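What follows is a short report on a single structure.
Since the model is a prediction, treat every value here as computed from it, not as a measurement.
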Amino acid sequence: MGFGFWGAAWGLNIAVAGSAFGRTRTGRIFMPLLFGLTLLVLWEALVRALGVPPVILPAPSAIAAKFASSTDVLWADFVQTAVKGALSGFVIGCSAAFVTAILCDRVPFLRAGLLPIGNFVAALPIVGLAPILVMWFGFGWQSKAAVVVAMVFFPMLINVVAGLQASERMQRDLMATWGASYTQALWKLRLPAAMPFIFNGLKISASLALIGAIVAEYFGSPVVGMGFRISTAVGVLNIELVWAEIAVAALAGSALYGVIAIVERGVTFWHPSQRG
């Protein structure tokens, strides 16, 4: 049954992709939803047909049942990790990176000195950085936000600095010819030209933020949070709850990324990447 559904869905996807409907916004939403549903049905069929033990890979129906029966726990974990830890760290880190990028653009020696250090810090493993920050800031959400800040700061900084250099030299010379100050050139020319880079940094940071907050909870947290719940649930072989937490993390990360993408489409509608 699962392979039959897979074949039918595959053929439907091919038909939709080659049709006029597939090129509409509704069609572009329909195809990944159908593909995801197909994977879930195939997953359910294979687990049941092969008799895979739940401790190795539970069926999607079992994960959905655990999700429905644990909404209070999942919500508390979501608030602790995604809202308090990841989102606050994302906002603080990206804001600080944006301000620092403006300073680097204004002061060339700061750019020359800070960016190489940024590449070094960005290469540090989170499993080495997280326990240090947990010891510094305690076991609450503040230490998780600090880990997220450390993870998103330099990717955002590098993207904004690169974006501020994206305007053409002729355009900058023209602004200077008109007697525009640095601030006027920044707001009227350079920041608008940098918007694709800025949103690229925000989308990269959105992907890193939740990962950093969850991993940081493995090194110390109160008795709530996605990372705490995953580590304790694995210890008692409650694998369905682990997958439910993974589903919450995936939905939260996708929602944040989607919000950024929607805002980007409205702000950078003029950019070639947003056309047609």
Looking only at atom types and distance, does a side-chain atom of S95 sit under 3.5 Å from a main-chain N or O of I92, one as donor and one as acceptor?
no

With a sphere of 6.0 Å drawn around OH of Y218, does it hold more than 12 non-hydrogen atoms of other residues, nucleotides or ligands?
yes

Work out which heavy atom in E240 is nearest to a heavy atom in P54; give both atom names and the distance.
OE2-CB, 3.7 Å

Nearest heavy-atom contact between V160 and A101 is CG1-CB, 3.3 Å

Are the side chain of S231 and the backbone of F228 linked by a donor-acceptor contact shorter than 3.5 Å?
yes

Can you tell if the side chain of L57 reaches within under 4.5 Å of the side chain of W243, non-hydrogen atoms only?
yes

Does a side-chain heavy-atom distance below 4.5 Å link L164 with I102?
yes

Residues in side chain to side chain contact (heavy atoms under 4.5 Å, CB included) with F139, at least two apart?
V134

Contact check, side chains of N238 and V242, non-hydrogen atoms, under 4.5 Å
no

Do any N or O atoms from the side chain of E44 and from the backbone of S61 form a donor-acceptor pair under 3.5 angstrom?
yes

Do the side chains of V47 and P58 get nearer than 4.5 Å, heavy atoms only?
no

Kindly work out whether a path of hydrophobic side-chain contacts (I/L/V/M/F/W/Y, heavy atoms less than 4.5 Å apart) joins I63 to I246.
yes

Is there a path of hydrophobic side-chain contacts, each under 4.5 Å between heavy atoms of I/L/V/M/F/W/Y residues, joining F219 to V149?
no

Can you check whether V79 reaches W75 side chain to side chain, under 4.5 Å on heavy atoms?
yes

L87 CG to T81 OG1 distance, which is reported to the nearest 0.5 Å
12.5 Å

Derivation of the side-chain contact (heavy atoms from CB on, under 4.5 Å) call for L74 and L241
CA-CA 9 Å; L74 295 174; L241 183 58; 4.2 Å; yes

Side chain to side chain, N159 and I204, heavy atoms closer than 4.5 Å:
yes

Smallest separation among heavy atoms of G138 and S143, with atom names:
O-OG, 2.7 Å

Does this structure show an ion pair linking K203 with E264, if we count only N-O contacts that are shorter than 4.0 Å?
yes

Value rounded to 0.5 Å, distance of CD1 in I132 from CZ in F137
11.5 Å

Donor-acceptor check, side chain of E245 to backbone of G227, threshold 3.5 angstrom: yes or no?
no

In Å, rounded to the nearest 0.5 Å, how long is the span from CG of L157 to OG of S205?
10.5 Å

What is the minimum heavy-atom distance between E217 and V224, and which atoms define it?
OE2-O, 4.3 Å

Following the transitive rule for hydrophobic clusters with a side-chain heavy-atom cut-off under 4.5 Å over Ile, Leu, Val, Met, Phe, Trp and Tyr, establish whether L50 and W43 coincide in one cluster.
yes

Mind checking the CG-CG spacing from L42 to L46? Nearest 0.5 Å is all I need.
4.5 Å

Within the distance-only criterion (no hydrogens, no angle test), does the side chain of N200 pair as donor or acceptor with the backbone N or O of P196 below 3.5 angstrom?
no

Looking at S254 and L251, would you say the former's side chain and the latter's main chain have a donor-acceptor pair under 3.5 Å?
no

Say whether I198 and I262 are linked into one hydrophobic cluster, either directly or through other cluster members, by side-chain heavy-atom distances under 4.5 angstrom.
no

Working for side-chain contact (heavy atoms from CB on, under 4.5 Å), residues S88 and W141:
CA-CA 9 Å; S88 61; W141 63 267; 3.6 Å; yes

Check: F78 and V73 side chains under 4.5 Å, non-hydrogen atoms
no

Mind checking the SG-CZ spacing from C94 to F153? Nearest 0.5 Å is all I need.
10.0 Å

Indicate if L191 and F199 have the same hydrophobic cluster label, given that clusters are the connected sets of ILVMFWY residues with side-chain heavy-atom separations under 4.5 angstrom.
yes

Side-chain donor or acceptor of D77 paired with backbone N/O of M226 under 3.5 Å:
no

If you define the side chain from C-beta out and look only at heavy atoms, does anything of V161 sit under 4.5 Å from F197?
no

Which atom pair, heavy atoms only, marks the closest approach of V152 to G89?
CG2-O, 4.1 Å

I'd like to know if the side chain of T232 and the backbone of R229 have a donor-acceptor N/O pair within less than 3.5 Å.
yes

Where is the tightest heavy-atom contact between L133 and A150, given as atom of each residue plus distance?
CD1-CB, 4.3 Å

To the nearest 0.5 Å, what is the distance between NZ (K66) and CD1 (I239)?
11.0 Å

Can you list the residues that meet the side chain to side chain contact (heavy atoms under 4.5 Å, CB included) rule with V99, with sequence neighbours excluded?
none

When you look at F90 and L202, which way does the side-chain contact (heavy atoms from CB on, under 4.5 Å) test go after all the steps?
CA-CA 9 Å; F90 172 81; L202 288 173; 3.9 Å; yes

